[in-house]
Structure formats: C-alpha cells, structure tokens
Amino acid sequence: MCKAFIFDLDGVITDTAELHFQAWLRMANEEGYYFDRKINEQLRGVSRRTSLSIILAGTKLSEIQTTVLMARKNKYYLEQLESLSEKDILPGIRSLLLELNARGIKVAVASASKNARYVLYQLGLIPLFDAICDGWSVVRSKPEPDIFIYAAGQLRVNTCDCIVMEDAEAGIHAARAAGMQVVGIGPSARVGQADWHFNDTATFDLTTVLENAEP
Ligand code: B16
Ligand code: MG
C-alpha cells in the first residue's frame with residue numbers, strides 16, 4: 001500500500017542537469033579535460049566525486065587535487081543556482097505535491113546532491129516535504145539503496161510502502177534494491193527498468209500509479 005512518495009530532485013522536481021553541465025564544462029575546459037553532453041548523460045544521478053572520475057576518464061589525481069576540482073565545480077554550480085526560482089519547477093510537480101499532502105501520503109526528497117536543500121529553498125518547496133534526504137545523509141550514493149532506505153526511516157514507513165520517482169538509471173537501481181516500486185521519468189532507453197514509465201513530469205498520472213501499486 002502506498003504510504004509515501006520519494007522524489008529524486010535533479011530531473012524530477014527541477015532540471016538542474018543543465019546547470020551541473022555548465023559548471024563541469026567550465027572546470028573541464030580550464031583543466032584541459034574533454035567533456036561534452038554525451039558524457040554528461042553518465043553523470044545523471046551519480047555523486048559529485050563519481051562525476052569527476054567519469055570526466056577524468058582514468059587520469060589519477062591526488063585527494064587534494066580531487067577536492068580542489070570538486071570545490072571549484074561546486075562554486076560554479078552555486079553561482080548558477082542563485083537565479084533558480086519557482087519558475088524552474090518541472091510541470092505538474094507542485095500540484096502533485098499538494099495532492100499527495102492532501103491525501104495524507106508522506107513525501108520526501110532523496111537526492112545525491114549536497115545542494116538539494118538550497119535547490120528546494122530556491123524553488124520555494126521546502127514546506128511541502130516531510131523529509132529532505134541529500135548527499136549529506138548517507139555515505140554510499142545511488143545506485144546503492146541507502147538514500148531511499150534512509151528516507152523511508154525518516155518518514156517512518158516500511159520500504160515496501162514507498163513509491164519512488166526517478167529520472168536516472170542509477171536511481172532506479174537504488175530504489176529497486178531498497179524494495180520500492182519506481183516511476184521512471186524520461187526516455188524508455190534510460191528508465192525502462194521502472195515499474196511505470198512517463199516521458200516527462202507533465203504526463204505523469206497519479207491515479208494510474210496508485211491503482212496499480214502493490215497492495
Ligand atoms: P552535488 P539527483 C544529482 O542529483 C545529479 O543528478 C548529479 O548530476 C549530481 O552529480 C549529484 O546530484 C550530486 O550533486 O554536486 O550538488 O552534490 O538526481 O540525485 O537529485
Ligand atoms: Mg535525478
């Protein structure tokens with residue numbers, strides 16, 4: 001029985017992927033690493049550290065060099081987040097959150113991002129969530145199930161009573177490993193492993209999902 005909805009952030013609530021891309025591109029250009037939109041697709045839903053290692057493509061850096069590059073990329077990303085606002089909430093998401101609140105279904109965010117709380121603040125959505133779980137909440141990030149298990153604990157519901165909304169392959173693996181049902185948002189080549197599939201948030205249909213959720 002669905003007692004909680006757990007939302008990924010980037011790609012489900014707002015499209016910060018483009019802002020991550022611009023920040024990584026600036027850092028990569030400065031450092032002479034090749035980076036393009038195709039490589040950027042591999043960064044969807046994975047941690048900052050894993051993202052950097054994908055961009056480095058085998059180049060080994062010291063821990064200090066790694067930390068410096070991650071910090072610089074994050075500085076560029078934070079500059080971009082300054083202009084984020086309510087207009088950047090993906091279609092249908094605000095009304096979906098209000099509907100879930102009205103039905104008494106708990107809602108949480110489970111994001112790999114250490115900036116998730118700031119992003120939600122900029123979007124004006126913090127009051128609509130019962131729990132905010134982010135890149136600071138657990139050690140192992142998606143595709144490990146930890147962030148979703150942690151979110152269920154914060155909401156005080158069983159993992160089998162949670163439905164996750166995700167846009168990334170890593171997130172879908174993580175949610176399934178946590179024993180949750182998953183709504184995939186995006187092209188089927190990317191989210192085809194999900195229990196339900198919608199091309200975008202605008203076409204998501206809550207009734208369809210609730211009627212077919214496991215009892
Ligand atoms: P940060 P999500 C993820 O957010 C992004 O999709 C991914 O591209 C990013 O590397 C990760 O957050 C970490 O973000 O650098 O802000 O800590 O999709 O899990 O909401
Ligand atoms: Mg995502």
Side-chain angles (χ1 to χ4, degrees), residues 5-28 35-56 66-82 84 88-90 93 107-123 125-126 129 131-151 164-178 180 182-187 190-191 193-194 197-198 200-201 204:
F5 250 75
I6 304 178
F7 291 80
D8 175 51
L9 179 62
D10 174 26
V12 169
I13 292 174
T14 186
D15 247 329
T16 34
E18 179 63 21
L19 309 184
H20 281 293
F21 172 68
Q22 294 299 337
W24 281 124
L25 184 64
R26 189 171 162 192
M27 189 282 295
F35 184 55
D36 61 18
R37 287 185 184 277
K38 195 162 172 239
I39 301 170
N40 191 55
E41 273 302 299
Q42 297 174 46
L43 313 189
R44 196 177 276 272
V46 303
S47 71
R48 195 180 308 170
R49 185 174 285 270
T50 304
S51 298
L52 179 59
S53 71
I54 291 168
I55 293 168
L56 294 181
T66 300
T67 304
V68 166
L69 291 189
M70 287 194 300
R72 197 195 307 165
K73 179 269 175 177
N74 197 50
K75 177 175 169 286
Y76 298 156
Y77 180 57
L78 286 172
E79 285 171 14
Q80 310 244 30
L81 289 183
E82 277 173 32
L84 201 73
D88 297 302
I89 301 171
L90 284 170
I93 290 296
V107 284
V109 160
S111 168
S113 176
K114 292 184 168 170
N115 300 297
R117 200 169 277 273
Y118 179 51
V119 170
L120 290 172
Y121 172 79
Q122 291 291 81
L123 298 174
L125 290 178
I126 287 198
F129 286 98
I132 296 170
C133 310
D134 60 15
W136 301 101
S137 302
V138 295
V139 174
R140 299 189 310 168
S141 53
K142 303 168 190 175
E144 302 299 334
D146 306 30
I147 188 90
F148 291 117
I149 294 170
Y150 179 83
V164 169
M165 198 183 276
E166 257 292 348
D167 73 309
E169 213 177 338
I172 290 170
H173 282 296
R176 293 186 80 88
M180 299 177 181
V182 196
V183 175
I185 302 291
R190 194 174 75 214
V191 299
Q193 304 255 334
H197 168 228
F198 297 90
D200 49 41
T201 56
F204 172 76

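Numbering of ligands and ligand atoms starts at 1, following listing order.
- Every atom of ligand 1 with a heavy atom of Lys73 under 4.0 Å away is listed here by number and element: 15 (O).
- Between the side chain of Thr14 and the main chain of Asp88, a donor-acceptor pair closer than 3.5 Å is present.
- Each of the following atoms of ligand 1 lies closer than 4.0 Å to a heavy atom of Ser51: 10 (O).
- Put simply, SG on Cys133 and CD1 on Ile6 are 7.5 Å apart, with the number rounded to the nearest 0.5 Å.
- Taking the charged nitrogens against the carboxylate oxygens, Glu41 and Arg37 have no contact shorter than 4.0 Å, which rules out a salt bridge.
- Assignment of Gly45 to the shell around ligand 1 is supported, since a heavy atom sits closer than 4.0 Å.
- Interface of Leu43 with ligand 1, defined as ligand atoms under 4.0 Å from a residue heavy atom, comprises 7 (C), 8 (O).
- Considering all non-hydrogen atoms of both residues, Ala110 and Ile147 come closest at CB-CG1, 3.7 Å.
- Close approach of ligand 1 to Tyr77 (heavy-atom distance below 4.0 Å) involves ligand atoms 16 (O).
- Contact atoms of ligand 1 toward Lys114: 1 (P), 16 (O), 17 (O) (distance under 4.0 Å to a heavy atom of the residue).
- Those atoms of ligand 1 that come under 4.0 Å of a heavy atom in Leu9, given as number and element, are 20 (O).
- Counting protein heavy atoms only, atom 10 (O) of ligand 1 is closest to Val46 O, 2.7 Å.
- The protein non-hydrogen atom at the shortest distance from atom 20 (O) of ligand 1 is Ser111 OG, 2.7 Å.
- Heavy atoms of Met70 come nearer than 4.0 angstrom to ligand 1 in no pair at all.
- The closest approach between any non-hydrogen atom of Glu166 and ligand 1 is not below 4.0 Å.
- The protein heavy-atom contact nearest to atom 18 (O) of ligand 1 is Asp8 OD1, 2.9 Å.
- No donor-acceptor distance shorter than 3.5 angstrom exists from the side chain of Asp167 to the backbone of Val12, with no hydrogens or angles considered.
- Closest to atom 1 (P) of ligand 1 among all protein heavy atoms lies Ser113 OG, 3.5 Å.
- Around the Mg ion (ligand 2), the angle linking Asp10 (O) with Asp167 (OD1) is 90°, rounded to 10 degrees.
- By the 30° and 60° cut-offs, the orientation of the rings of Phe35 relative to Phe21 is tilted.
- Separation of atoms CD (Gln193) and NE2 (His173) is listed at 5.0 Å; rounding is to 0.5 Å.
- One finds the CD1 atom of Ile132 at 5.0 Å from the CG atom of Leu120 (value rounded to the nearest 0.5 Å).
- As for Asp8, its N/O/S atom nearest the Mg ion (ligand 2) is the one called OD2.
- Of the protein's heavy atoms, Asp10 OD2, 3.3 Å lies nearest to atom 5 (C) of ligand 1.
- Between the side chain of Arg44 and the backbone N or O of Glu169, no donor-acceptor pair lies under 3.5 Å.
- Although no hydrogens or angles enter the test, the distance criterion places no donor-acceptor pair under 3.5 Å between the side chain of Thr16 and the main chain of Leu19.
- The Lys142 neighbourhood of ligand 1 comprises atoms 19 (O), with distances under 4.0 Å to a heavy atom of that residue.
- Considering only non-hydrogen protein atoms, atom 15 (O) of ligand 1 sits nearest to Arg48 NE, 2.7 Å.
- Between the side chain of Gln42 and the backbone N or O of Ile54 there is no donor-acceptor pair closer than 3.5 Å.
- Contact record, Val191 with Ala168: CG1-N, 4.4 Å, taken as the closest heavy-atom pair.
- Counting protein heavy atoms only, atom 19 (O) of ligand 1 is closest to Ala112 N, 2.7 Å.
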Practice prompt. Show the numbers, then the answer: is there a side-chain contact (heavy atoms from CB on, under 4.5 Å) between Gln80 and Tyr76?
Written response: CA-CA 7 Å; Gln80 310 244 30; Tyr76 298 156; 5.7 Å; no
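- Residue-ligand proximity: Gly11 is placed with every non-hydrogen atom at 4.0 Å or more from ligand 1.
- Proximity to Asn115 (heavy-atom distance under 4.0 Å) selects the following atoms of ligand 1: 1 (P), 16 (O).
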